[in-house]
Number of protein chains: 2
Amino acid sequence: MTQKIDFLSKNQQIVLEIIEKAKEPLKAYSILFSVQKRGIKAPPQVYRALDRLIKLGKIHKIESKNAFVACKNDSCTISNATAFSICDSCEMVTEISNPKLSKYLANFQDETGMRYNKYNLEFFGLCKKCKK
Amino acid sequence: MTQKIDFLSKNQQIVLEIIEKAKEPLKAYSILFSVQKRGIKAPPQVYRALDRLIKLGKIHKIESKNAFVACKNDSCTISNATAFSICDSCEMVTEISNPKLSKYLANFQDETGMRYNKYNLEFFGLCKKCKK
DNA sequence: ATAAATTTGTTATATTATAACAATGCGTAA
DNA sequence: TTACGCATTGTTATAATATAACAAATTTAT
Ligand SMILES: [Zn+2]
Ligand SMILES: [Zn+2]
Ligand SMILES: [Zn+2]
Ligand SMILES: [Zn+2]
């Protein structure tokens, strides 16, 4: 059978909704705790939903934080090319969508000629608010 | 007292040696197992050594793998600006040292004008060997 | 309708990382 | 020198993150 690519299961919808509502990246277990009333009882249910949502480009994982954010790029068709801005102080995370940057990285070729079909870039610094 | 910045403790030397010898990224617990004969008995000892070595730019953490590699850039003075090439098939990881790339990223400025003092970039694809 | 395959639920456990405190070493002021 | 303070290292315990394994339910194919 061919995989359904445009339908979200109940668990996936619940998890996505929580992540979209959040103002900051959410950890898997904090998601688990906040959806237990809605019938999601165990880690694998959360992790499966997260995996699926990542594959669909609906959410991204912030690797340096083991946390998850909703994609802000109108459902990222390029979930394999992600860039984030992370504040070291308030931990705010925002997805960078900068055509020049993504073009540059998508076309990047190293010395050996290896080409890449996926990248993840995480920038760290102080956000405007925290710099003051 | 001011911090010593150029001296490695015994544990740090042992951990660094193991990582430098390895041909692939090492996980913290695999490091722990392989240094237990040498007197390192518990996770915090390994994690402390890793933290220190990271700060010194002697090693880097591959965030997407929770694994550690030795810096190949002659002791990275720019441990805060890292880029890696990761093969999805054989899991080979190599540090990218490309002046153009690092310059581009170091100077990158997003829409809001936020500037960054640190970044980590992980590229994924198939290495030459695995592409054949 | 039945069997096969896929997805979801559940239990258990593996893996990664840190908290908390004790023991040790080390510089310094009396 | 000694004894006090502070930093580093060792140790125990536990927290946080993630997956394996199998059962139950649902969907799909025959
Ligand atoms: Zn996105
Ligand atoms: Zn901030
Ligand atoms: Zn390096
Ligand atoms: Zn390869």
Side-chain angles (χ1 to χ4, degrees), chain A residues 1-19 22 24-56 58-69 86 91 93 120 122, chain B residues 1-19 22 24-56 58-69 86 91 93 120 122:
Chain A
M1 198 211 67
T2 165
Q3 237 202 348
K4 290 172 286 183
I5 58 159
D6 52 6
F7 175 75
L8 295 184
S9 76
K10 187 156 154 268
N11 288 352
Q12 290 155 12
Q13 285 174 300
I14 291 171
V15 169
L16 178 57
E17 195 181 299
I18 293 278
I19 296 175
E24 63 290 317
L26 295 184
K27 303 264 195 168
Y29 275 71
S30 101
I31 293 169
L32 176 58
F33 296 142
S34 58
V35 298
Q36 277 180 332
K37 305 168 185 178
R38 299 229 245 158
I40 297 180
K41 305 234 174 87
Q45 295 173 290
V46 171
Y47 281 101
R48 282 175 191 146
L50 291 171
D51 286 349
R52 190 82 210 295
L53 293 169
I54 287 171
K55 277 194 189 111
L56 295 175
K58 301 279 190 190
I59 65 171
H60 304 300
K61 181 176 185 179
I62 308 300
E63 293 286 356
S64 61
K65 294 189 172 301
N66 298 318
F68 304 86
V69 294
I86 302 170
E91 312 230 311
V93 170
N120 179 55
E122 298 181 4
Chain B
M1 202 207 66
T2 164
Q3 235 200 352
K4 292 172 285 185
I5 58 159
D6 52 5
F7 175 76
L8 295 184
S9 76
K10 189 156 155 268
N11 289 353
Q12 290 155 12
Q13 285 175 303
I14 292 170
V15 168
L16 178 57
E17 195 181 298
I18 292 278
I19 296 175
E24 63 291 315
L26 296 184
K27 303 265 196 166
Y29 275 72
S30 101
I31 294 170
L32 175 59
F33 296 141
S34 57
V35 298
Q36 277 179 331
K37 305 168 183 177
R38 299 229 244 158
I40 298 181
K41 305 236 174 83
Q45 295 173 288
V46 171
Y47 280 102
R48 282 174 193 149
L50 291 171
D51 286 349
R52 191 82 210 295
L53 293 169
I54 288 171
K55 275 191 191 114
L56 296 176
K58 301 279 190 191
I59 66 171
H60 304 299
K61 180 174 185 181
I62 309 299
E63 293 286 357
S64 61
K65 294 191 171 300
N66 297 319
F68 304 85
V69 294
I86 302 169
E91 311 229 313
V93 170
N120 178 56
E122 298 182 5

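Sequence lines set the chain letters: A, B, ... in the order given, protein chains first and strands last, and positions in each chain run from 1.
L53(A) and Q12(A) get closest at one heavy-atom pair: CD1-O, 3.7 Å. Shortest non-hydrogen contact noted between A28(A) and V46(A) is O-CG1, 3.8 Å.
Listed by residue number, P43(A), P44(A), Y47(A), R48(A) are the residues of residues 34-49 of chain A with a heavy-atom contact under 4.0 Å to DNA chain D.
Not counting sequence neighbours, R48(B) has no partner by the side chain to side chain donor-acceptor pair (under 3.5 Å) test. For the side chain to side chain donor-acceptor pair (under 3.5 Å) test, residues two or more places apart in sequence or in another chain that qualify with E122(B) are S64(B), N120(B). Partners of Q13(A) under the side-chain contact (heavy atoms from CB on, under 4.5 Å) rule, at least two apart in sequence or in another chain, are L8(A). With sequence neighbours excluded, the residues satisfying side-chain contact (heavy atoms from CB on, under 4.5 Å) with E91(A) are K65(A).
One interatomic measurement links the two molecules: CG of L8(A) to P of dT7(C), which rounds to 14 Å at whole-angstrom precision. As a whole-Å value, the separation of I31(A) CD1 from dA16(D) P is 16 Å. Between K65(A) atom NZ and dA16(D) atom P the separation is 16 Å, expressed in whole Å. Following rounding to the nearest Å, L32(A) (CG) and dT19(D) (P) show an atom-to-atom distance of 15 Å. Here the P atom of nucleotide dT8(C) and the CD atom of Q13(A) are 11 Å apart, to the nearest Å. dT26(D) atom P lies 14 Å from atom CZ of F7(A), rounded to whole Å.
Across the interface with DNA chain C, nearest-nucleotide mapping of Q12(A) and K27(B) shows Q12(A) to be the residue nearer the 5′ end.
For dT8(D), the OP1/OP2 oxygens have no side-chain nitrogen or oxygen of S9(B) closer than 4.0 Å. The shortest distance between the side-chain N/O atoms of N66(B) and the OP1/OP2 oxygens of dT15(C) is not below 4.0 Å.
Distance from the side chain of N11(B) is smallest to dT9(D) among dT9(D), dT17(D), dA17(C).
One end of the helix from dA1(C)-dT30(D) to dA30(C)-dT1(D) points its axis 10° away from the other end's axis, with each axis taken from 5 pairs and the angle rounded to 10°.
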Enumerate donor-acceptor pairs with a distance under 3.5 Å from any side-chain N or O in residues 34-43 of chain B to protein atoms, sequence neighbours excluded.
| unit_1 | atom_1 | unit_2 | atom_2 | d |
| --- | --- | --- | --- | --- |
| S34(B) | OG | S30(B) | O | 3.0 |
| S34(B) | OG | I31(B) | O | 3.1 |
| R38(B) | NH2 | E17(B) | OE2 | 2.9 |

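Between atom CD1 of residue I14(B) and atom NZ of residue K10(B) there is a gap of 5.0 Å, rounded to the nearest 0.5 Å. For the atom pair CD1 (I59(A)) and CZ (F68(A)), the distance works out to 6.0 Å, reported to the nearest 0.5 Å.
Residue contacts shown for K61(A) are limited to sugar-phosphate atoms, with no base heavy atom under 4.0 Å away.
The base of dA18(D) lies close enough to the side chain of Y29(A) for a donor and an acceptor atom to sit less than 3.5 Å apart.
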